[in-house]
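Bear in mind the structure is a predicted one, so any value in this text is a computation, not a measurement. These values consider heavy atoms only, across backbone and side chains, with no hydrogens, waters or symmetry-generated copies. Here, residue 1 is the first one in the sequence, and each next residue gets the next number. Atoms within each ligand, like the ligands themselves, are counted from 1 in listed order.
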Amino acid sequence: MQETTAAKNQEELKNQRRNERIVRNMQHVSNKYLRRIYEIPIVPQSLEYFSNILKRIFVENKSVERDNGVKLIGTYCVMVPQELIYAAGCIPVKLCSGSYTAYNIGDEFTPRDACPLVKSSIGFASMNLVPIYDECSMVIVPTSCDCKKKMVSILAKYNDNVIPLHVPTIKLDDELKNSYIEDIYALKKAIESISPKKISYSRLKAATEAIAVAQREIYRLYSLKMHSPSVIKGTHAMIAMNSYSYDRIDRWAKALRILNDELELRIESKRYVAKPNAPRIMVTGSPVVFPNIKIPLLIEEMGGIFVADETCMGERGLYDPVAVTENSLDGLIRALAIKAILPCSCPSFVNNDQRIFKLKQMIEDFKVQGVIYHVLRGCLVYDYEYFAVEDALRSMDIPIIRVETDYNEEDVEQLRIRIEAFVELIKFKNMED
Ligand code: SF4
Ligand code: SF4
């Protein structure tokens, strides 16, 4: 009997040490990337609010700051209308993960070729060590790609309330659109079953307006990033956008307003962060989630400017406005459903000509001189669309490279060489023009 208890204690001690090691590792990697962000000149003073959010979640290992009793609802994609969650008196938290530590753990439960974002998200959910994952009263997973679909049943082992949200694959198919609206109604009911408030018209309208305030600040940031010479490094802007996933919308929007004000002052005082001829680069493709920010960092460490972020963790995640045509609960729900699907440029849809159109528009607006097409290993939906994007960009004489990455640091040197050569190519092109 004594021997069994001793063996049990030893096992517990072993597990505890292992868990401490895992958390230390996550903190170490996150801290390292936060430091690198601050090594890129010139950091806006008001970036601290946003980097502190990432620090709180991934270094201090704390949860989202909120009043006692307010529930968190986890989401895994931009296709979940966050307005519903706020209207129910809860806070949404985006759980798509960029952690290398969690990736190694999730790797044990997933097939070799699953994408690292999903491996890492599953890793976090299984660890039982990270508050934002453990405290979610519900998790909503849009079935937008195969990896996400298969993630549903694995997550269900760790959370009793995992809701798959079926998203249509063809945008203009009326039948599919109506079935998605029905799914949003079902989602509303599911959220209400765990939330303190019913989702009434007035509450949903107020939540939509609160998000619209944040969107207006995003449009401001978007235009400020178009300025040439640049007034903000793209890596810094991306940190602000990434932190949105772990904060309450009103607080975050206020902080973004302060950042935008600071950037406007930079324009007035001609305080730029790059020379007028610095290569202007856009990143499109698979999501770039903190702390997996090696590509933006490499672009800017090599002398380029990451001016345009077309990934769904960037401005795109919150960009599309809700067009309400009927002032009723049904009108709002329909508008939210349509906003989540129609303007979305995610390649998980069958026909996505709109994405090419949007990329071309962004290239003009941001005066982009080169595009890095980011493919997370195993992310087939983005990889499939590479050729169409390459063709479209060739007709505009815009250089593009496809960069495949995984959640580790082993490929950093190889990426550095490729990105450096790409930045040099654009510099050379600029000299010729
Ligand atoms: S890439 Fe597409 S499916 Fe994946 S999280 Fe972003 S919007 Fe959703
Ligand atoms: S869209 Fe790509 S990155 Fe996102 S979950 Fe699917 S495979 Fe992973």
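In this structure, R36 contributes its side chain and I293 its backbone to no donor-acceptor pair below 3.5 Å. The main-chain N or O of R402 is found under 3.5 Å from a side-chain atom of R418 such that the two form a donor-acceptor pair. Between the side chain of K367 and the main chain of H227, no donor-acceptor pair closer than 3.5 Å is present. With hydrogens and angles ignored, the 3.5 Å screen pairs no side-chain donor or acceptor of K94 with any backbone N or O of T75. Using a distance-only test at 3.5 Å, with no hydrogens or angles considered, a donor-acceptor pair links the side chain of N159 to the main chain of C136.
Under the 6.0 Å cut-off for aromatic ring centres, Y244 and F50 do not qualify, their centroids lying 6.0 Å or more apart. Taking the six-membered ring wherever Trp is involved, the centroid distance between the rings of Y246 and F58 falls below 6.0 Å.
Ligand 1 places these atoms under 4.0 Å from at least one heavy atom of R316: 7 (S). When each atom of ligand 2 is checked for a heavy atom of C115 under 4.0 Å away, the hits are 3 (S), 5 (S), 7 (S), 8 (Fe).
Between the side chains of Y100 and N25, not a single donor N or O lies within less than 3.5 Å of an accepting N or O.
Here the protein heavy atom with the shortest distance to atom 2 (Fe) of ligand 2 is C379 SG, 2.3 Å.
Inspection of the environment of atom 8 (Fe) of ligand 1 yields the following protein N, O or S atoms under 2.8 Å: C77 SG.
Contact annotation: K94 has no heavy atom less than 4.0 Å from any atom of ligand 1.
If you look at V118 next to ligand 2, the close heavy atoms, those under 4.0 Å, all belong to the side chain. At a heavy-atom distance under 4.0 Å, only side-chain atoms of V381, from C-beta outward, approach ligand 2. With a 4.0 Å cut-off on non-hydrogen atoms, M313 does not touch ligand 1 at all.
The aromatic rings of Y222 and Y319 sit tilted relative to each other, their planes meeting at an angle between 30° and 60°.
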